[in-house]
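Take a look at the structure below.
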Amino acid sequence: NENDLKSEKNYTILPTKTINNQKYITGINPEKNTVNEILSSSNFTPGTTVKAYKYGQEISGDEKIGTGTVIRVFENGEEKTEYVAVVYGDTDGDGDMTAVDALAIVKNKTGEVPFTTDAQKEAAKISTKDDGEEAGAVDALAITLIIIGKANWNEKTGSVEYVGQSDDDVEAPTVSIDHELTLRQQ
């Protein structure tokens, strides 16, 4: 299962995905994404050290891991593996899922402000799971619904769940995008 912990030689780490020969950690919950929380959800053997870097600077403790954060695994002082973090719904790398991220998805889709990294493109796919498909309005709407409490992110399944509805009676919300790129639920 893509959402299970992945076993490497001397450790287990959150789910991973490889895109263009780069390893990404994709199982990061946007509500539990501090350095301490991510490291405690993985299992490292003695002699293994893990460091996180945001914009080239090491981060630690309660600092948030966002999309694009680099996570390096060292064994006996030697770097063995590098991962790039993907927090679904966090396209700007701040570690939070906000309206800014939803708008970024729409602007990327229209070509106004294209995403520049594979990590951003993957993070935008909060509802779109097809590897060949680009994130779009459905993903922006999912983020908006999560922000206003009408949906939740399920880290175990890696999917959006609508609040108060079973899978059998989910009616997809409709959305319109006007010329000013604002989202309105109808």
Side-chain angles (χ1 to χ4, degrees), residues 2-105 107-108 113 115-126 135 139-140 142-149 151-160:
E2 188 175 289
N3 297 312
D4 292 337
L5 291 175
K6 300 295 182 198
S7 292
E8 297 286 346
K9 182 178 174 193
N10 292 321
Y11 58 92
T12 42
I13 197 159
L14 290 166
T16 62
K17 182 175 195 172
T18 301
I19 304 170
N20 295 329
N21 298 317
Q22 172 65 56
K23 290 183 182 179
Y24 292 89
I25 297 176
T26 59
I28 300 173
N29 180 335
E31 300 296 319
K32 299 176 188 166
N33 61 341
T34 67
V35 173
N36 285 343
E37 289 166 327
I38 297 304
L39 296 185
S40 69
S41 65
S42 299
N43 178 24
F44 299 97
T45 58
T48 303
T49 305
V50 180
K51 295 183 179 183
Y53 300 88
K54 193 181 241 183
Y55 309 115
Q57 301 295 314
E58 186 174 355
I59 60 172
S60 61
D62 290 333
E63 292 181 81
K64 286 187 173 187
I65 288 180
T67 295
T69 300
V70 175
I71 299 169
R72 294 189 175 120
V73 179
F74 299 85
E75 292 177 17
N76 301 315
E78 184 180 330
E79 184 178 333
K80 292 293 182 180
T81 308
E82 177 180 288
Y83 297 94
V84 175
V86 170
V87 179
Y88 284 104
D90 170 35
T91 61
D92 63 5
D94 66 359
D96 294 318
M97 189 184 312
T98 66
V100 170
D101 299 302
L103 184 58
I105 292 169
K107 287 185 172 188
N108 176 69
V113 183
F115 291 138
T116 58
T117 69
D118 288 332
Q120 286 177 301
K121 293 172 188 174
E122 185 65 23
K125 293 175 154 187
I126 191 163
D139 302 286
I143 291 172
T144 304
L145 293 174
I146 289 169
I147 292 168
I148 64 173
N152 294 310
W153 174 251
N154 184 324
E155 67 182 288
K156 297 214 184 302
T157 63
S159 62
V160 177

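Residue numbers start at 1 and run along the sequence shown.
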Val50 and Ile38: CA distance, side-chain angles, deciding distance, side chain to side chain contact (heavy atoms under 4.5 Å, CB included) verdict: CA-CA 10 Å; Val50 180; Ile38 297 304; over 6 Å; no
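Residue Ala142 comes nearest to Ile126 through the heavy atom pair CB-CG2, 3.9 Å, listed as atom of the first residue, atom of the second, then distance. Heavy atoms only, all atoms of each residue included: Val160 and Ala151 are closest at CG1-CB, 3.7 Å. Closest approach of Ala102 to Ala140, counting heavy atoms only: O-CB, 3.4 Å. Among all heavy-atom pairs drawn from Ala119 and Gly68, the shortest one is CB-N, 4.3 Å. When all heavy atoms of Gly61 and Thr34 are compared, the closest pair comes out as O-CB, 3.7 Å. Across Ile147 and Ala99, no two heavy atoms sit closer than the pair CD1-N, 3.3 Å.
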Report, one line per pair, each donor and acceptor closer than 3.5 Å where one atom sits in a side chain of residues 90-98; sequence neighbours left out.
{"residue": "Asp90", "atom": "OD1", "partner": "Gly93", "partner atom": "N", "Å": "3.0"}
{"residue": "Asp90", "atom": "OD1", "partner": "Asp94", "partner atom": "N", "Å": "3.2"}
{"residue": "Asp90", "atom": "OD1", "partner": "Gly95", "partner atom": "N", "Å": "3.4"}
{"residue": "Asp90", "atom": "OD2", "partner": "Thr67", "partner atom": "N", "Å": "2.9"}
{"residue": "Asp90", "atom": "OD2", "partner": "Gly95", "partner atom": "N", "Å": "2.9"}
{"residue": "Thr91", "atom": "OG1", "partner": "Asp101", "partner atom": "OD1", "Å": "3.1"}
{"residue": "Asp92", "atom": "OD1", "partner": "Asp94", "partner atom": "N", "Å": "3.2"}
{"residue": "Asp94", "atom": "OD1", "partner": "Asp96", "partner atom": "N", "Å": "2.8"}
{"residue": "Asp96", "atom": "OD1", "partner": "Lys64", "partner atom": "NZ", "Å": "2.2"}
{"residue": "Thr98", "atom": "OG1", "partner": "Val100", "partner atom": "N", "Å": "3.3"}
{"residue": "Thr98", "atom": "OG1", "partner": "Asp101", "partner atom": "OD2", "Å": "3.2"}

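A salt bridge does not link Glu63 with Lys54: every distance from a Lys NZ or Arg NE/NH1/NH2 to an Asp or Glu carboxylate oxygen is 4.0 Å or more.
Atom CG in Asn29 sits 9.0 Å away from atom CH2 in Trp153 (nearest 0.5 Å). In this structure, CG on Asn76 lies 7.5 Å from OG1 on Thr48, to the nearest 0.5 angstrom. Considering CZ of Phe115 and CG of Asn108, their distance stands at 4.5 Å, rounded to 0.5 Å.
Applying the side-chain contact (heavy atoms from CB on, under 4.5 Å) rule to Ala85 yields the partners Ile28, Ile65, Thr69, Ile71; only residues at least two apart in sequence or on another chain are considered. Taking Asp118 as the reference, Ile19, Asn20, Tyr24, Lys121 meet the side-chain contact (heavy atoms from CB on, under 4.5 Å) condition, with sequence neighbours excluded. Residues passing the salt bridge (Lys or Arg N to Asp or Glu O under 4.0 Å) test with Glu79 are Arg72, sequence neighbours excluded. Partners of Lys51 under the salt bridge (Lys or Arg N to Asp or Glu O under 4.0 Å) rule, at least two apart in sequence or in another chain, do not exist in this structure. Checked against side chain to side chain donor-acceptor pair (under 3.5 Å), Thr116 has the following partners two or more places apart in sequence or in another chain: Gln120.
Counting only residues at least two apart or on different chains, the salt bridge (charged side-chain N to carboxylate O under 4.0 Å, His left out) pairs with a member in residues 29-48 are Lys32-Glu155.
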